Student: 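Please see the structure below; I have some questions.
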Amino acid sequence: KHHHYFIRSRLYVWSRAQWLCAFIFLSVAFICYNSRWANNDPVNHKFQKSASISDQLKTISNLRLANIMSPASITSTSAGNSTIITNSSSSSGFDNKKPRFEGPKVEDMSEEQARIRNGILKSRPGTGLSGPFGPWLAVPEIAGPAQSLGRACRYGTSLSFRESELIILLTGARTKSDTEFEIHTGEALKAGLTLELIQAIPRDDDFSLTAVRNSLGPLLQNKSEREFAIALFATELLTTNNVSDETYYTTKEKVGGKDSVLVEITSIVGYYTFVAYTLNVFRILPPQV
């Protein structure tokens, strides 16, 4: 009896130990499985991508990403657990944070100016009169057509938003308009451009056809020959005020043989150069600067 009782007791003790080990093993396996699922689940990836873009936009707003894209001009200092990044060669005029002219006061506007202003506010509920619209309102004959042209260039072309934003960022970089570049960095991220690609765009005096080809080529050439051709077309136009026959016909082939697409690219470059010049001359700052 005693012998059998001892054996049953030992089996009971060992059984509990085995169950405990099994429970620990299954718990670890479950955690590992969930972790792997989270990293591979497409829905979760979509959520992470959305959160990532939100975080990037916050970073852009807080650190003024438009001023820190050029690696040669980055200075990094630690403050507690944070890293503060600044640009020592910014050409934006952000050091003087007072705009030269933001447009006429509402109480001083003519009926035509007030009409155009109300139209802009209605069509741009999120951004209002930010950017160049304030100064343009000083001359309603310019503000009205400029608003219409901007709407056509932004929303009325056959180009994707990703392609349009790439052209706009190149224009902002070439014209040394940190405000234009910063505002459209956020729009470009929403349109699907990666932060890596945006950071690769040469800025200010480093901007050239060769620099753009070398920096964007590895990121675009093998993924989207169309986008790369569009980028080179816009860059050559920005740097030489024209494009060669080779660039013209190569780009035309990449965009489906349509001259109309080249009209659209040229129009976006021209319009956003106009925008950039306005922002630069009147020292219009990005929102919340």
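Please read these numbers as outputs of a predicted model, since none were measured by experiment.
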Student: Can you give me the closest heavy-atom contact between Val269 and Ala234, atom names plus distance?
Tutor: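 The answer is CG2-CB, 4.0 Å.
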Student: Can you sort out the partners of Arg213 under salt bridge (Lys or Arg N to Asp or Glu O under 4.0 Å), two or more places apart, ordered by chain and number?
Tutor: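 Scan of Arg213 (salt bridge (Lys or Arg N to Asp or Glu O under 4.0 Å), adjacent residues dropped) gives none.
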Student: Is there side-chain contact between Phe181 and Ile201, with at least one heavy-atom pair below 4.5 Å?
Tutor: yes
Student: Looking only at heavy atoms, what is the nearest atom pair of Thr251 and Ala229, with distance?
Tutor: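 Of all heavy-atom pairs spanning Thr251 and Ala229, the closest is OG1-O, 3.7 Å.
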Student: Mind checking what makes side-chain hydrogen bond (donor to acceptor under 3.5 Å, both in side chains) contact with Glu225, not counting sequence neighbours?
Tutor: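 Applying side-chain hydrogen bond (donor to acceptor under 3.5 Å, both in side chains) to Glu225 gives Lys254.
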Student: Would you compute the distance between atom CZ of Phe282 and atom CZ of Arg100 and round it to the nearest 0.5 angstrom?
Tutor: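 Atom-to-atom, Phe282:CZ and Arg100:CZ are 9.0 Å apart.
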Student: Looking only at atom types and distance, does a side-chain atom of Ser215 sit under 3.5 Å from a main-chain N or O of Ala211, one as donor and one as acceptor?
Tutor: yes
Student: Could you give the distance from CG (Leu237) to OG1 (Thr247), rounded to the nearest 0.5 Å?
Tutor: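 Atom-to-atom, Leu237:CG and Thr247:OG1 are 10.5 Å apart.
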Student: Which heavy atom of Gly150 sits nearest to which heavy atom of Tyr271, and what is that distance?
Tutor: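 Gly150 and Tyr271 have their closest heavy atoms at CA-CZ, 3.2 Å.
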Student: Check side-chain contact (heavy atoms from CB on, under 4.5 Å) between Glu246 and all other residues, then give those that pass, not counting sequence neighbours.
Tutor: Ser244, Thr250
Student: Measure the shortest side-chain to side-chain distance between Leu219 and Phe228 over non-hydrogen atoms and say whether it is less than 4.5 angstrom.
Tutor: no
Student: Are any non-hydrogen side-chain atoms of Leu220 and Leu166 less than 4.5 angstrom apart?
Tutor: yes
Student: Under 4.5 Å between side-chain heavy atoms, hopping through other hydrophobics if needed: is there a path connecting Val139 to Phe274?
Tutor: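 Yes, because Val139 and Phe274 connect within a single hydrophobic cluster, where side-chain heavy atoms sit under 4.5 Å apart.
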Student: Report yes if the side chains of Leu170 and Ile167 come closer than 4.5 Å at any heavy-atom pair, otherwise no.
Tutor: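 No, their side chains stay 4.5 Å or more apart.
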Student: Counting N and O atoms only, with roles assigned by atom type, does the side chain of Arg162 sit under 3.5 Å from a partner on the main chain of Gly192, one being a donor and the other an acceptor?
Tutor: yes
Student: List for me each residue that meets side-chain contact (heavy atoms from CB on, under 4.5 Å) alongside Glu112, sequence neighbours excluded, and say none if there are none.
Tutor: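 Per chain and number, Glu112 pairs via side-chain contact (heavy atoms from CB on, under 4.5 Å) with Ser110, Arg115, Ile116, Pro140.
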Student: What pairs with Ser164 under side-chain contact (heavy atoms from CB on, under 4.5 Å), at least two apart in sequence or on another chain?
Tutor: Thr157, Leu159, Ile268
Student: Is there a salt bridge (Lys or Arg N to Asp or Glu O under 4.0 Å) between Arg203 and Asp178 once you walk through the steps?
Tutor: CA-CA 9 Å; Arg203 303 292 303 277; Asp178 286 346; 2.8 Å; yes
Student: Mind checking whether Tyr272 and His184 have side chains closer than 4.5 Å, heavy atoms only?
Tutor: yes
Student: Could you list the residues that satisfy side-chain contact (heavy atoms from CB on, under 4.5 Å) with Tyr248, not counting sequence neighbours?
Tutor: Phe233, Val243, Lys252, Asp259, Leu262
Student: Indicate if Leu129 and Val281 have the same hydrophobic cluster label, given that clusters are the connected sets of ILVMFWY residues with side-chain heavy-atom separations under 4.5 angstrom.
Tutor: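 Looking at the clustering, Val281 is in the same group as Leu129.
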Student: Is there a side-chain contact between Ile284 and Pro135 (heavy atoms, below 4.5 Å)?
Tutor: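 Of all side-chain heavy-atom pairs linking Pro135 with Ile284, at least one is under 4.5 Å.
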Student: Keeping the roles fixed (side chain from Thr175, backbone from Thr273), state whether a donor-acceptor pair exists under 3.5 Å.
Tutor: no
Student: Taking Ala114's backbone N and O only, do any of them form a donor-acceptor pair with Asn118's side chain (distance below 3.5 Å, no angle check)?
Tutor: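 At least one qualifying donor-acceptor pair exists.
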Student: With sequence neighbours left out, write down each residue that passes salt bridge (Lys or Arg N to Asp or Glu O under 4.0 Å) with Glu102, or none if nothing qualifies.
Tutor: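 For Glu102, no residue satisfies salt bridge (Lys or Arg N to Asp or Glu O under 4.0 Å) once neighbours in sequence are set aside.
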Student: So which pairs with a foot in residues 134-156 pass side-chain hydrogen bond (donor to acceptor under 3.5 Å, both in side chains), sequence neighbours left out?
Tutor: Ser123-Gln147, Trp136-Thr278, Arg154-Glu165, Arg154-Glu187
Student: Is it true that atom CZ of Phe101 has more than 12 heavy atoms of other residues, nucleotides or ligands lying nearer than 6.0 Å?
Tutor: yes
Student: With sequence neighbours excluded, what pairs up with Asp205 under the salt bridge (Lys or Arg N to Asp or Glu O under 4.0 Å) test?
Tutor: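 Here the qualifying residues are Lys176.
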Student: Quick check: do Leu193 and Leu169 have side-chain heavy atoms less than 4.5 Å from each other?
Tutor: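 Leu193 vs Leu169: side chains touch.
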Student: In terms of hydrophobic clusters joined by side-chain contacts under 4.5 Å, are Ile142 and Ile120 together?
Tutor: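 Ile142 and Ile120: one cluster.
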Student: How close do Thr235 and Leu209 get, heavy atom to heavy atom, and via which atoms?
Tutor: CG2-CA, 3.7 Å
Student: Could you give the distance from CD (Gln199) to OG1 (Thr194), rounded to the nearest 0.5 Å?
Tutor: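 Reported to 0.5 Å precision, the distance equals 8.5 Å.
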Student: Work out which heavy atom in Met109 is nearest to a heavy atom in Pro104; give both atom names and the distance.
Tutor: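 Between these two residues, the closest heavy atoms are CE-O, 3.5 Å.
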Student: Decide yes or no for Arg117 and Leu121: does some side-chain heavy atom of the first lie under 4.5 Å from some side-chain heavy atom of the second?
Tutor: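 Yes; the side chains approach each other to less than 4.5 Å.
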Student: Test of understanding: with side-chain hydrogen bond (donor to acceptor under 3.5 Å, both in side chains), list the residues that count as partners of Ser158, not counting sequence neighbours.
Tutor: Glu264
Student: Among the clusters formed by ILVMFWY side chains lying less than 4.5 Å apart, do Ile230 and Tyr249 turn up in the same one?
Tutor: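 Ile230 and Tyr249: one cluster.
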Student: Can you measure from CD1 (Ile183) to CG (Leu279) and round to the nearest 0.5 angstrom?
Tutor: 6.5 Å
Student: Of all heavy-atom pairs between Leu195 and Leu189, which one has the smallest distance, and what is that distance?
Tutor: N-CD2, 3.9 Å
